[in-house]
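Contents: one structure, followed by commentary.
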Amino acid sequence: MPELPEVETIRQGLRGQILGATIRDVELTGCRIFQTPAELLLERLPQQQLVEIDRRGKFLIVRLNRDRLVIHLGMTGQLTVWYPERPDSEGFLRHPVTGLQRVRQHSADKHTHLQLHFEDGRSLLFRDPRKFGKCHLLEKESELTALLAHLGMEPLSDEYTLPAFLNGLKGRKTSIKALLLNQRVVAGVGNIYADEALFQASIHPSRRANRLRRYEKERLFQAIRLALEKGVTYGGTTLRDYVNSDGREGGNQDELLVYGRTEQPCPRCGVRIEKIVVAQRGTHFCPSCQPRSRPNPNVAVLSQNVAY
DNA sequence: CGTTGATCCTGGGCGC
DNA sequence: TGCGCCCAGGATCAAC
């Protein structure tokens, strides 16, 4: 589940590795992930140079000298740079206990849908076993704007402000978790970081967005940014498939407070973490720190002080 | 406006 | 060892 921190980690890695590279030729599979006809990709991509790599929410935007290649990694997407002088790993090795991938580099396999071969001998490989990813080639900037038009604020940018966040929650009767997942208020938050941010803010994931107290919304506003920044700092969260542009797993899985920690003690109070379903997603929370009911105004000031 | 359920897809985990 | 079954889930869409 590449979310903002994973996509940002990949972006930073790719910038350091392949900025300025020129595409020599292209290989691709006839897969649903392509939102642009294969003939167009094969016709337009060769000879283009990688000028910049941007990110918007969970979308990666590879800026070429003429076009824009937009990639969404879906759930299991991997974007790695393949080096000719580097030995390929054997298959996809997994850590015997954690199940984490221990792969540095692998050559293209049946799940590799796009290969950009560069003039210098290296390649950029887009692999996605579950095929929930998307790949667009856009010739006009206006097409890019339209594609990303539904996205809310970038939580790690200056446009992420408390007034805008409060405004995004206003009148929304949906659960706060569903609101965070839907990308329209804040872009880039997925299942993992939603649970982490809600825990940090001591808010039950099922609470109605417009029923949160003002101080809870403020805490959540901060917690979202902190959870995502932490994810970037640790190089993303590898639960199973995520690897960075160098084929390596992230480190944030060891830092998670509640996600995937069902039955384990809450890091704050020791009560066992529960797993429920909210907004059709597995949801982890502490039943003690994140009570289902709206907090009483009389204890609001108290809990505010405890939480931060 | 809002929610629910289906859809896409495959590897992994589990029970037998 | 192997088979069948079920599940995970980001985004979108139909139905109500």
Side-chain angles (χ1 to χ4, degrees), chain A residues 1-8 10 29-35 55-60 70-79 91-103 106 108-114 126-136 146-152 155 167-197 205-212 228 231 236-243 249 253 256 258-263 275-284:
Chain A
M1 306 154 249
E3 306 179 27
L4 187 152
E6 290 73 38
V7 179
E8 178 62 19
I10 290 170
T29 62
C31 173
R32 298 176 57 101
I33 65 171
F34 293 106
Q35 308 295 299
R55 179 191 56 73
R56 180 79 173 90
K58 303 175 193 174
F59 289 86
L60 204 61
V70 181
I71 292 174
H72 191 294
L73 296 171
M75 289 189 51
T76 56
Q78 302 171 330
L79 213 46
F92 283 85
L93 306 180
R94 293 188 186 281
H95 188 278
V97 179
T98 63
L100 297 182
Q101 291 194 344
R102 292 272 165 207
V103 170
H106 59 83
D109 66 3
K110 62 172 179 173
H111 301 300
T112 305
H113 304 297
L114 176 66
F126 179 21
R127 182 176 184 270
D128 183 9
R130 224 159 282 190
K131 303 180 186 175
F132 279 16
K134 293 278 184 290
C135 178
H136 312 246
L147 181 67
L148 306 176
H150 68 285
L151 294 175
N167 197 45
L169 267 59
K170 198 173 292 178
R172 301 299 304 276
K173 297 176 181 173
T174 191
S175 70
I176 186 61
K177 172 138 181 184
L179 182 141
L180 291 183
L181 291 180
N182 113 350
Q183 310 298 307
R184 289 172 184 275
V185 177
V186 182
V189 178
N191 207 33
I192 296 171
Y193 295 96
D195 283 5
E196 293 295 295
S206 298
R207 299 267 308 281
R208 305 297 114 186
N210 64 345
R211 300 273 293 161
L212 298 181
L228 295 172
T237 302
T238 301
L239 297 177
R240 173 154 285 127
D241 298 292
Y242 166 71
V243 290
E249 67 268 26
Q253 59 280 359
L256 297 176
V258 289
Y259 189 89
R261 307 238 178 265
T262 315
E263 301 289 297
K275 184 176 182 184
I276 59 175
V277 174
V278 178
Q280 267 89 326
R281 294 287 174 267
T283 299
H284 312 73

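When reading the values below, keep in mind they use all heavy atoms of this one structure, side chains included, and skip hydrogens, waters and symmetry mates. Every chain is numbered from 1 and lettered A, B, ... according to where its sequence line falls, protein lines coming before strand lines.
Nearest heavy atoms, A:His284 versus A:Arg261: CD2-N, 4.2 Å. A:Glu196 and A:Val258 get closest at one heavy-atom pair: OE2-N, 2.9 Å.
A:Arg55 places a side-chain N or O within 3.5 Å of a backbone atom of A:Gly57 that can act as its donor or acceptor partner. Checking side-chain atoms of A:Asp109 against main-chain N and O of A:Thr112 turns up a donor-acceptor pair under 3.5 Å.
For A:Gln78 and B:dG11, the CD to C1' distance is 12 Å, given to the nearest whole Å. Rounding to whole angstrom units, CG of residue A:Leu179 and C1' of B:dG2 are separated by 12 Å. Per the geometry, CG belonging to A:Leu169 stands 16 Å off C1' belonging to B:dG2, to the nearest Å. Regarding A:Leu73, its CG atom lies at a distance of 18 Å from the P atom of B:dC9, rounded to whole Å. A straight line from CZ of A:Arg130 to C1' of B:dT10 spans 5 Å, rounded to a whole angstrom. A:Arg281 places its CZ atom 12 Å from the C1' atom of B:dA6, with the value rounded to the nearest Å. A straight line from CZ of A:Arg127 to C1' of B:dT10 spans 11 Å, rounded to a whole angstrom.
When each of A:Tyr259, A:Tyr193, A:Tyr242 is checked for a side-chain hydrogen bond (donor to acceptor under 3.5 Å, both in side chains) with A:Thr237, only A:Tyr193 meets the rule.
One finds a side-chain N or O of A:Arg172 lying less than 4.0 angstrom from the OP1 or OP2 phosphate oxygen of B:dG2. Remark: A:Thr174 is in phosphate contact with B:dT3, judged by side-chain N or O atoms under 4.0 Å from OP1 or OP2.
If one axis is set at each end of the helix from B:dG2-C:dC16 to B:dC16-C:dG2 from five pairs, those axes are 50° apart, to 10°.
Within 4.0 Å of A:Lys58, counting heavy atoms only, lie sugar-phosphate atoms of the nucleic acid but no base atom. Contact annotation for A:Met75: base contact, defined as any heavy-atom pair under 4.0 Å involving a base atom. Note on A:Tyr259: only backbone sugar-phosphate atoms sit closer than 4.0 angstrom, heavy atoms only; bases stay farther off.
Nearer to the 5' terminus of DNA chain B, by closest-nucleotide assignment, is the contact made by A:Gly171 (compared with the other of A:Gln280 and A:Gly171). Nearer the 5' end of DNA chain B, as judged by each residue's closest nucleotide, is the contact made by A:Arg208, out of A:Phe132 and A:Arg208.
Remark: A:Arg281 pairs with no residue by the side chain to side chain donor-acceptor pair (under 3.5 Å) rule, at least two apart or across chains.
For A:Lys110, the listed nucleotide lying nearest its side chain is B:dG11; candidates were B:dG2, B:dC9, B:dG11. For A:Arg240, whose side chain is taken as the heavy atoms from C-beta onward, the closest listed nucleotide among B:dC8, B:dT10, B:dG13 is B:dG13.
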Report the C-alpha separation of A:Val189 and A:Leu4 in whole Å, then their side-chain angles, then the decisive distance to 0.1 Å, and conclude whether the side-chain contact (heavy atoms from CB on, under 4.5 Å) test is met. CA-CA 6 Å; A:Val189 178; A:Leu4 187 152; over 6 Å; no
Run the numbers on A:Gln35 and A:Cys135 for side-chain contact (heavy atoms from CB on, under 4.5 Å), then give the verdict. CA-CA 6 Å; A:Gln35 308 295 299; A:Cys135 178; 6.0 Å; no
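Here A:Lys58 contributes atom NZ and A:Lys134 contributes atom NZ; the two are 13.0 Å apart, rounded to the nearest 0.5 Å.
Put simply, the side chain of A:Glu6 does not reach to within 4.5 Å of the side chain of A:Thr238, judged on heavy atoms.
Protein chain A touches strand DNA chain C; the 5'-most and 3'-most nucleotides with an atom under 4.0 angstrom of its non-hydrogen atoms are C:dA8 to C:dA11.
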